[in-house]
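Report on the structure given below.
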Amino acid sequence: MKWTQTLIPTLREAPADAEIVSHKLLLRAGLIRKLAGGVYTFLPLGLRALRKVENIIREEMDRAGAVEVLMPALQPPEIWEASGRAETASNVLFKVKDSSGRQWFLSPTAEEVITTLTANEINSYRQLPKNFYQISLKFRDEIRPRFGLMRAKEFIMKDAYSFDTTDENAMAAYKKMYDAYTKIFARCGLKAFPVEADTGVIGGNYSHEFMVPADSGENDVAYCEACGYAANIEKATSGIPKTAAREIGAATEKFATPGVVTIEALSKEPYKVPANRQIKTLVYIADAKPVLILIRGDDQLNETKFAAKTGAVAVRPATAEEILPLLGAKPGSLGAVVNVPADVKIFADERLQGANDMTTGANEDGFHLKNVSIERDIKVTAWFDLRTVSAGEPCVKCAKPLKIRRAIEVGHVFKLGTKYSEKLNATFLDADGSRKPSVMGCYGIGVTRTLQAIIEQGNDKDGVVWPLSVAPYQVCITPLAVTPDSQAMQLAEKFYAELTAQGVDVILDDRDERPGVKFKDADLVGFPIRIALGEKSLAKGEVEIKPRTAAFQSVKIEDAVEAVMKLVKA
RNA sequence: CGGAGCGUGGCUCAGCCCGGUAGAGCGCUUGCUUUGGGAGCAAGAUGUCGCAGGUUCAAAUCCUGUCGCUCCGACCA
């Protein structure tokens, strides 16, 4: 490709609406342009890089035994109602109407479609296992699109769905995808690592996310360098000890705490109740019902864990207006010891199990209770791990201190079980004549997000640093004179032809620009290898080969193609 | 949706507080010079100052509303 034939609108300055480096570079390097918030056009170079990522995914999925299909983006609501997700995923669904008033959903994923398909087409255990995948546009009515391609309303996702006869086989399918993902991200030049994850609205009972460490990421990951334990903070647990039991205290005792409405205030003079001897009482509305959640004063509730453990779908903190009539006190004086309506469930964090000599709100403004023994004085409905792990806590596996860091989620694998196959009747006849639902798994890769993660991880002060495998062009030939009869241009054309013939993706910068402009642009776009053809070196019978992140080397003109091929194959 | 901020040539921004001729740099066009890391000189083109109302003799500037964009939070590939 010649530079002047394509469109590479590089920008000297980053547009003001880009915040993180990868977003700035996507715009500055002329890879994408914004049409509206969360909606982008892929320019020629951006599309080339995207296609390379897609092809790596395609090759590894095929190799792992998955077969490619293409499902509609336009989906009838009926199948979403059948799966129950018309309700639970309602907030992300784009809903459109056709001219006759019939409603359609724009596909955010395709569990319903693929399960409907297999319900019709798969009847026998002899047809299993199967794993179908597609690479297609997905639509999500994201509440807040962010950071360019990182979280967009419209994006490209690879989604795959496996169907197996048994749980064990489904586990094997899961493992295959897990391994394929590891290869995919490695081939994309990405340092991505799997972490244990919550399953969210897609459902299922076992899952890993593939994370790319990045400060701009939207996830926190807890990990242990010693043993390799890693989990999304939404799921992570630690080996932190339970609250120490003390001697059985006296009966609970109410004491006045005028104006004290925070854990911190209660920990100071004159009360001096340390946060770790306080019980924090939170009121949540879980699927329209109020519940109490008890957490130790120095811990933070993990809402995701709470929803996952209790099976609640819609979870939100109750408002002060909802709390007052329920417990008879305002937030700051709440507790679960007295005056809790019998039908309000009380969930407590396991760290509080056995705790006594605790202090908590009295459900009376301006009063707290001390000498609370949680098992004696509070009717806990159920105990769960509900707290959020902090850095430095002992690893749940090896007790070494955990670390926490930000990361970008580029892939997610789920073991789904039979949730969808049961609801959508995707059953098969087993060898023994019995009809069973297929055991499913689903596997997603955010392709456009992966592309941005590659840039987020690969850049320097001059621009993008592409891995060879996904660079829009592997080699940029830069003649410093572009008149057709110049030696530089003639040699450039020759190199172009020879490298192209050997299967290398080459772009020839035939712009009549000053050298500095061409070099700056080549660095900004980030081509892995640049060949500079200038008078000075040509006079010595040489050209310069410059890897994007290493010093240039002068090579004889006749050795140039071979030298480049060596770099390309490295 | 809650909180914060921003909308002025293609891009980055000044001007707004204190109302009175719409500006700079980059980019773009033409010419000359220059040609190994974002050139110099000269001459040009490009704006209903997001939109709609209002106040005023007069609004980019003040007021109201609205739309869009960005950031923080809830959601997720």
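Bear in mind that the values here come from a model prediction, so they are computed numbers and not experimental data. Per chain, numbering begins at 1; letters A, B, ... match sequence-line order.
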task = Answer yes when Lys280(A) and Asp298(A) have at least one side-chain N-carboxylate O distance shorter than 4.0 Å, and no when they do not.
result = no
query = Out of rU34(B), rG38(B), rG73(B), which has the shortest distance to the side chain of Arg144(A)?
reply = rG73(B)
Name the pairs: protein N/O against N/O of nucleotides 7-13 of chain B, kept only if under 3.5 Å.
| from | atom 1 | to | atom 2 | distance (Å) |
| --- | --- | --- | --- | --- |
| rU12(B) | OP1 | Ala16(A) | N | 2.4 |
| rU12(B) | O4' | Glu13(A) | OE1 | 3.4 |
| rU12(B) | O2' | Glu13(A) | OE2 | 3.1 |

task = Measure the distance from CZ on Phe94(A) to P on rA77(B) and round it to the nearest whole Å.
result = 16 Å
ask   = Between the base of rG37(B) and the side chain of Arg530(A), is there a donor-acceptor distance below 3.5 Å?
value = yes
task = Could you tell me whether Glu322(A) and Arg316(A) have a side-chain N and a carboxylate O separated by less than 4.0 Å?
result = yes
Taking every non-hydrogen atom, the tightest pair across Ile529(A) and Val564(A) = CD1-O, 4.4 Å
Which nucleotide in rG37(B), rG73(B), rG38(B) has an atom nearest any side-chain atom of Thr10(A) = rG38(B)
Kindly give the atom pairs (protein nitrogen or oxygen, nucleotide nitrogen or oxygen) under 3.5 Å for nucleotides 30-33 of chain B.
none

query = side-chain hydrogen bond (donor to acceptor under 3.5 Å, both in side chains) with Tyr181(A): which of Lys176(A), Lys158(A), Glu60(A)?
reply = Lys158(A)
query = Out of rC71(B), rC69(B), rG37(B), which has the shortest distance to the side chain of Glu19(A)?
reply = rC71(B)
message = Rounded to whole Å, please give me the gap between NZ in Lys536(A) and P in rG37(B).
response = 7 Å
message = Out of the candidates Lys419(A), Lys423(A), Arg85(A), only one should pair with Glu111(A) under the salt bridge (Lys or Arg N to Asp or Glu O under 4.0 Å) rule; please name it.
response = Arg85(A)
ask   = Less than 3.5 Å between a donor and an acceptor, one on the side chain of Arg146(A) and one on the base of rU70(B), is that the case here?
value = no
request  = Look at Lys153(A) together with Glu142(A) and state whether they make a salt bridge at an N to O cut-off of under 4.0 Å.
outcome  = no
ask   = Looking at the side chain of Val517(A), which of rA77(B), rC71(B), rA39(B) is the nearest nucleotide?
value = rA39(B)
request  = For Arg33(A), report the nucleic acid contact type (base, sugar-phosphate, nothing); a contact means any heavy atom under 4.0 Å.
outcome  = nothing
query = Under a 3.5 Å cut-off for both distances, is rG5(B) Watson-Crick or wobble paired, and to whom?
reply = rC69(B)
inquiry  = On the side chain of Arg12(A), is there an atom forming a donor-acceptor pair with the base of rC26(B) - under 3.5 Å, no angle test?
reply    = no
task = Nearest whole angstrom, please: distance from the C1' of rC76(B) to the CG of Asn91(A).
result = 10 Å
inquiry  = Does this structure show an ion pair linking Asp159(A) with Lys138(A), if we count only N-O contacts that are shorter than 4.0 Å?
reply    = yes
ask   = Backbone N or O of Leu416(A) within a donor-acceptor pair of the Tyr206(A) side chain at under 3.5 Å?
value = no
request  = Using a heavy-atom cut-off of under 4.0 Å over every strand shown, decide if Gly411(A) touches base, sugar-phosphate, or nothing.
outcome  = sugar-phosphate
key: Presence of donor-acceptor pair under 3.5 Å, side chain of Arg140(A) and base of rC75(B)   = no
note = Exactly one of Arg28(A), Arg511(A), Arg12(A) clears salt bridge (Lys or Arg N to Asp or Glu O under 4.0 Å) with Asp521(A), and that residue is Arg511(A)
task = Nearest whole angstrom, please: distance from the C1' of rA77(B) to the CD1 of Ile184(A).
result = 13 Å
key: Quiz item: Arg449(A) side-chain donor-acceptor pair to rC76(B) base, under 3.5 Å   = yes
task = Could you check which of rC69(B), rG38(B), rC71(B) has an atom nearest any side-chain atom of Ala36(A)?
result = rC69(B)
Flag, side chain of Arg548(A) to backbone of Asp523(A), donor-acceptor distance under 3.5 Å = yes
key: Minimum-distance nucleotide (side-chain atoms of Met157(A) versus rA77(B), rG38(B), rA74(B))   = rA77(B)
request  = Select from Leu538(A) and Val410(A) the residue whose nearest nucleotide in RNA chain B is closer to the 5' end of that strand.
outcome  = Leu538(A)
message = Under 4.0 Å, counting only non-hydrogen atoms across every strand here, what does Ala152(A) touch: a base, just sugar-phosphate, or nothing?
response = base
query = What nucleotide among rC76(B), rC72(B), rC69(B) has an atom nearest to a side-chain atom of Lys34(A)?
reply = rC69(B)
inquiry  = Between P on rA74(B) and CZ on Arg151(A), what's the gap in Å once rounded to a whole number?
reply    = 11 Å
message = Measuring from the side chain of Lys546(A) (C-beta onward, heavy atoms only), which nucleotide among rG37(B), rG38(B), rA74(B) has the closest atom?
response = rG37(B)
query = Between Leu480(A) (CG) and rU34(B) (P), how many Å, whole number?
reply = 17 Å
key: Salt-bridge contact Arg146(A)-Glu218(A) (side-chain N to carboxylate O under 4.0 Å)   = yes
